[in-house]
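Each remark here refers to the structure printed beneath this line.
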Amino acid sequence: MLVKTAEFVTSNTDVRKLPEPTLPEYAFIGRSNVGKSSLINAIVNKKDLAKTSQKPGKTQLINHFIINKNWYLVDLPGYGYAQTSKKNRAEWGLFIRKYLRQRENLQCIFVLIDSRHEPQKIDLEFCQWLGENGLPFVLIFTKADKQSKTKSEQHMAQFRKALLTWFEEVPPFFLTSAEKKHGMEEILVMIDEININFVSPVAE
Ligand code: GTP
Ligand code: MG
């Protein structure tokens, strides 16, 4: 798929104020600093559409971007940001989980995992929560340029094994580098295939 246009739509903390759910939507979630905003920019081939930062905790709202005037990419705040207060973390839980559970046009959740690390409890538990709620997701391993392919693949295999203790089948895995723009086409192909079959949950 060719990305011709990519535009910012809204930032929200209130799920009632999101854009009408008439177009297919894909959300990016994962630990703070894992590279969610960078991956969105790499997919749409724009430098600063989603705001990135070296410091964790940059993205704080539900940010909608519209691509080719035809589907939404959503940048979400990260989880597991230690500097944030307990109250903030609890709020993250509530409003992001509410968004993920209630958003009718959400087609697939992209769970981003840092390919440099062995499976982390917080990521595994989040995948388990998605599974328990019957929410469709795929795993996207980020920052592949930071170490050897062998190391990344080793971490992916470990993650797959850990998921198999809860899931009979594991969802698709992708290895990416936003820095080198590797792995973008595979993600766009998957989105394209889902978009073709999308039926709006609300009458237009
Ligand atoms: P929050 O919004 O704080 O939750 O973070 P985020 O997940 O959106 O991460 P962000 O995209 O802001 O990236 C965090 C840092 O990682 C930035 O310094 C990016 O430049 C860097 N980064 C992201 N993706 C890659 C990658 O593929 N390779 C390398 N080398 N660095 C990356
Ligand atoms: Mg971000």
Side-chain angles (χ1 to χ4, degrees), residues 3 6-13 18 25-67 72-97 99-100 106 108-117 119-127 129-130 137-156 159 173-188:
V3 173
E7 295 148 290
F8 170 74
V9 184
T10 50
S11 286
N12 276 290
T13 48
L18 299 175
E25 182 160 316
Y26 304 87
F28 284 59
I29 191 111
R31 266 192 118 111
S32 209
N33 210 242
V34 68
K36 300 174 290 295
S37 304
S38 303
L39 191 69
I40 288 181
N41 290 335
I43 287 175
V44 303
N45 208 5
K46 273 196 172 185
K47 253 193 167 156
D48 295 313
L49 185 65
K51 298 283 168 280
T52 66
S53 169
Q54 287 174 7
K55 284 196 217 130
K58 176 71 182 169
T59 309
Q60 293 287 344
L61 302 162
I62 300 180
N63 300 295
H64 273 73
F65 302 98
I66 189 161
I67 317 302
Y72 292 119
L73 273 183
V74 177
D75 193 15
L76 295 171
Y79 51 72
Y81 174 41
Q83 247 58 41
T84 264
S85 67
K86 243 190 187 154
K87 181 170 168 274
N88 268 351
R89 274 207 294 273
E91 277 171 10
W92 183 94
L94 281 182
F95 106 92
I96 299 298
R97 284 169 207 263
Y99 159 76
L100 294 172
L106 188 57
C108 186
I109 298 158
F110 296 171
V111 181
L112 273 61
I113 310 283
D114 193 324
S115 66
R116 292 174 296 175
H117 307 307
Q120 308 278 305
K121 191 162 168 250
I122 195 167
D123 293 323
L124 291 167
E125 282 176 355
F126 185 69
C127 292
W129 180 82
L130 291 172
F137 69 100
V138 298
L139 290 154
I140 304 203
F141 286 77
T142 64
K143 308 193 184 184
D145 57 285
K146 291 225 181 199
Q147 74 281 310
S148 69
K149 196 164 181 218
T150 316
K151 206 75 211 148
S152 301
E153 282 172 348
Q154 193 185 332
H155 294 149
M156 288 163 82
F159 205 94
F173 277 46
F174 296 90
L175 181 60
T176 65
S177 163
E179 180 78 22
K180 303 261 182 240
K181 300 240 169 72
H182 288 167
M184 304 307 129
E185 191 51 35
E186 287 88 338
I187 297 172
L188 283 167

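We count ligands from 1, going down the list as the structure has it; atoms in each ligand are counted the same way.
For atom 12 (O) of ligand 1, the closest non-hydrogen atom of the protein is Ser53 N, 3.0 Å. In terms of protein heavy-atom proximity, atom 30 (N) of ligand 1 is closest to Asp145 OD2, 2.8 Å. In this structure, the protein non-hydrogen atom closest to atom 27 (O) of ligand 1 is Ala178 N, 2.8 Å. For atom 2 (O) of ligand 1, the closest heavy atom belonging to the protein is Thr59 OG1, 2.7 Å. Counting protein heavy atoms only, atom 25 (C) of ligand 1 is closest to Lys143 CG, 3.7 Å. Atom 4 (O) of ligand 1 has its closest protein heavy atom at Lys36 NZ, 2.9 Å. For atom 18 (O) of ligand 1, the closest heavy atom belonging to the protein is Gln54 CG, 3.4 Å. For atom 23 (C) of ligand 1, the closest non-hydrogen atom on the protein side is Ser38 OG, 3.2 Å.
Of the residues listed (Phe174, Phe173, Phe110), the one engaging Phe141 in a ring pair (Phe, Tyr, Trp, His ring centres under 6.0 Å) is Phe173, and it is the only one. Screening Tyr26, Tyr72, Tyr99 against Leu106 for a side-chain contact (heavy atoms from CB on, under 4.5 Å) leaves a single residue, Tyr99. The only member of Asn33, Leu112, Leu39 that meets side-chain contact (heavy atoms from CB on, under 4.5 Å) when paired with Lys143 is Asn33.
Shown in contact with Gly35 at under 4.0 Å from a heavy atom are these atoms of ligand 1, numbered in order with element: 6 (P), 7 (O), 9 (O), 10 (P), 11 (O), 13 (O), 23 (C). If you number the atoms of ligand 1 from 1 as listed, the ones under 4.0 Å from a heavy atom of Ser177 come out as 27 (O). Within ligand 1, the atoms closer than 4.0 Å to a non-hydrogen atom of Gly78 are 4 (O), numbered from 1 in the order shown. Of all atoms in ligand 1, listed by their number and element, those nearer than 4.0 Å to a heavy atom of Asn33 are 1 (P), 3 (O), 4 (O), 5 (O), 6 (P), 7 (O), 9 (O), 14 (C), 15 (C). Ligand 1 places these atoms under 4.0 Å from at least one heavy atom of Lys146: 29 (C), 30 (N), 31 (N).
The nearest N, O or S atom of Thr52 is not closer to the Mg ion (ligand 2) than 2.8 Å.
Summarising the geometry, atom NZ belonging to Lys146 is positioned 10.0 Å from atom OG belonging to Ser177; distances are rounded to the nearest 0.5 Å. In this structure, the separation between NZ on Lys51 and CG on Asn41 is 8.0 Å, given to the nearest 0.5 Å. Atom OH of Tyr79 and atom CZ of Arg31 lie 7.5 Å apart (nearest 0.5 Å). The distance from atom NZ of Lys47 to atom OG of Ser38, rounded to the nearest 0.5 Å, is 12.5 Å.
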Practice item. Take His64 and Val74 through the test side chain to side chain contact (heavy atoms under 4.5 Å, CB included) and record every step on the way to the result. Key: CA-CA 5 Å; His64 273 73; Val74 177; 3.5 Å; yes
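Here the closest heavy-atom approach between residue Thr13 and residue Phe95 is recorded as O-CD1, 3.4 Å. Residues Ile113 and Val34 approach most closely at C-CG2, 3.7 Å, considering heavy atoms.
Taking any N or O of Val34, backbone or side chain, at least one lies under 3.5 Å from an N or O belonging to ligand 1.
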